[in-house]
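See structure below.
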There are 2 protein chains.
Amino acid sequence: MERVRWSATNSEGYEAPAALATDVVVLTVRDERLVALTVARDGGDERALPGGFVGAGERPLETALRKLHEKTGLDAPYVEQLGAFADPGRDPRGWIPSIAYLALVPPDTRVPDASACWIDARNPQALAFDHEEVLAAAVERLEGKLWWSNVTVGMLPGAFALSEARRVYEAIAQARYDPATFGRDLKSTGLIEPTGEQRTAGPGRPAAMYRFTSDRPAWGAGRRKRIAA
Amino acid sequence: MERVRWSATNSEGYEAPAALATDVVVLTVRDERLVALTVARDGGDERALPGGFVGAGERPLETALRKLHEKTGLDAPYVEQLGAFADPGRDPRGWIPSIAYLALVPPDTRVPDASACWIDARNPQALAFDHEEVLAAAVERLEGKLWWSNVTVGMLPGAFALSEARRVYEAIAQARYDPATFGRDLKSTGLIEPTGEQRTAGPGRPAAMYRFTSDRPAWGAGRRKRIAA
DNA sequence: GTAATAGTGTCTTTTAGACACTATAGC
DNA sequence: GCTATAGTGTCTAAAAGACACTATTAC
């Protein structure tokens, strides 16, 4: 199925991109696994990341958020740019660079649109365009920032128990953390604070609830070398 | 001086970007300061980052390297993508998204082209377009990766003494490191290895030379939490 | 009571910073 | 010899991991 390729020429007479696209990698944790959101492509059984074309005069970030909402009904609390994917041939329709975004949503997020579904983020099925590459970049970014920033702010509800946070961290890092050490280390980052509330869920002692001190991207204590004398 | 804005419409009848640009932030260390390379703009006394338009069928990374060479005569050993800058109005000529790259060159690099000159990367003069924002993103990226990757591979010659490396790290981190501790920590990253050579420069004991074990982007030991039992 | 989850305290290991000391060059 | 730079060894401080112990809930 070879369609006619789109093309564009600018007013100076040079070939121009046929469009500017955005793609969004929405990640969350389900059943202790990192999963990504995909949508069905029109007229094909292949799946793809949600995304769409940037309108003239529109900021690409706004396009990404708008398309995410249109295609999945979701609003992501945390979004950051992953980078541009613009190699020739990435889109069979023509010269269409794409700006990819990473969005995170809480584990219990329900997707209103039935055609959207979650796939394993680390062993994805075949995806359209270069979306497998984009997804891999998103996973790598998330893994890398896990302990150095409050990225997970988007993956946890407004108030959360340390055990909830731990399960999210464990799914992303693919590791098991000692509950005591995890709590101590997370608190010592300065990124979270107690809400004062408690929550009882099933058997067991009620858990103290915490919130992130900021819902904007921030770096934690991180590891910065001290200054020598 | 308001020129006519470029425009483009694709074969589907929708407005399209007038062009796709790349910009390169070339950073190095001179006189213990982090500096960035700028070029004179045609027909203006404002300065800008080197860059240019991506040709149809060209990979943006290749465009960046080609433009860097054309405008400054430089070939950078280390280049990575910074991200896309595509907000409307960033380029007065029209809708022109840009993909920015970070390139690093050794401290003693001479720029063949006389119109190119180095400016303070942390307190830049006014630059064209959104290039001050791009430069700030580059500095932040470099600072963030300093101790977690071999980014500095691009900023050191093929063989270097630990004291040379230390001066580069100090300029980037804006800190002073204890020479003994610095050497121990850099060696423990596993990113460098001794060449076996020695070098005498002026008075003082000759320095053992080292090289990076890889000249491709790589992450060092980094800090990854261990797995709980 | 038992099972389950939450949280505290503390010992040990690892890593980073400081700094005294030795080594080798030019003069 | 003196000064300058390079490199080693080791003490100390801080962070991370392990794990025993206590606390509070449902049943």
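This structure is a prediction, so every number in the text was calculated from the model and none was measured.
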Is it the case that C/dG17 (base atoms only) and B/R184 (side chain only) share a donor and an acceptor within less than 3.5 Å, ignoring hydrogens and angles? yes
Is A/G183 touching bases, backbone alone, or none of the nucleic acid, heavy atoms closer than 4.0 Å? nothing
Side chain of A/P203: nearest nucleotide among C/dA16, C/dA4, C/dC19? C/dA4
Assign each of A/T200 and A/A180 the nucleotide of DNA chain D bearing its closest heavy atom; nearer the 5' end lies the nucleotide of A/A180
Rounded to whole angstrom units, what separation is found between the CG atom of B/L186 and the P atom of D/dA6? 14 Å
Which sits closer to the 5' end of DNA chain C, A/A201 or B/P206, going by the nucleotide each is nearest to? A/A201
Let me know the distance between CG of B/L162 and P of C/dT24, rounded to the nearest Å. 17 Å
A/K187 side chain: which of C/dT8, C/dG17, D/dG7 is closest? C/dT8
Quickly, which of B/Y177, B/F182, B/F160 forms a ring pair (Phe, Tyr, Trp, His ring centres under 6.0 Å) with B/Y169? Name it, please. B/F182
Can you see if the side chain of A/S163 gets near the phosphate of C/dA6 - specifically, an N or O under 4.0 Å from OP1 or OP2? yes
To the nearest angstrom, the OH-P distance between B/Y177 and C/dA18 comes to 12 Å
Find the distance A/D185:CG to C/dG7:P and express it as a whole number of Å. 16 Å
Measure from CZ on B/R199 to P on D/dT5 and round the result to the nearest Å. 14 Å
Partner of A/V79 under side chain to side chain contact (heavy atoms under 4.5 Å, CB included), picked from A/V24, A/V26, A/L65, is A/L65
5' precedence on DNA chain C between A/R166 and B/Q198 (nearest-nucleotide basis): A/R166
Of the candidate nucleotides C/dG7, C/dA23, D/dA26, which contains the atom at the shortest distance from the side chain of B/R205? C/dA23
Between A/K145 and A/E140, is there a side-chain N and carboxylate O pair less than 4.0 Å apart? no
Whole-Å distance separating the CD1 atom of B/I192 from the C1' atom of D/dG7: 13 Å
Would you say the base of D/dA16 and the side-chain of A/T181 have a donor-acceptor pair closer than 3.5 Å? no
Should B/D130 and B/D87 count as side-chain neighbours, where that means a heavy-atom distance under 4.5 Å? no
Mind calculating the distance between CD (B/E164) and P (D/dG7) to the nearest angstrom? 11 Å
Rounded to the nearest angstrom, tell me the gap between atom CG in A/D178 and atom C1' in C/dG9. 12 Å
Partner of B/T38 under side-chain hydrogen bond (donor to acceptor under 3.5 Å, both in side chains), chosen from B/H131, B/E46, B/R47: B/R47
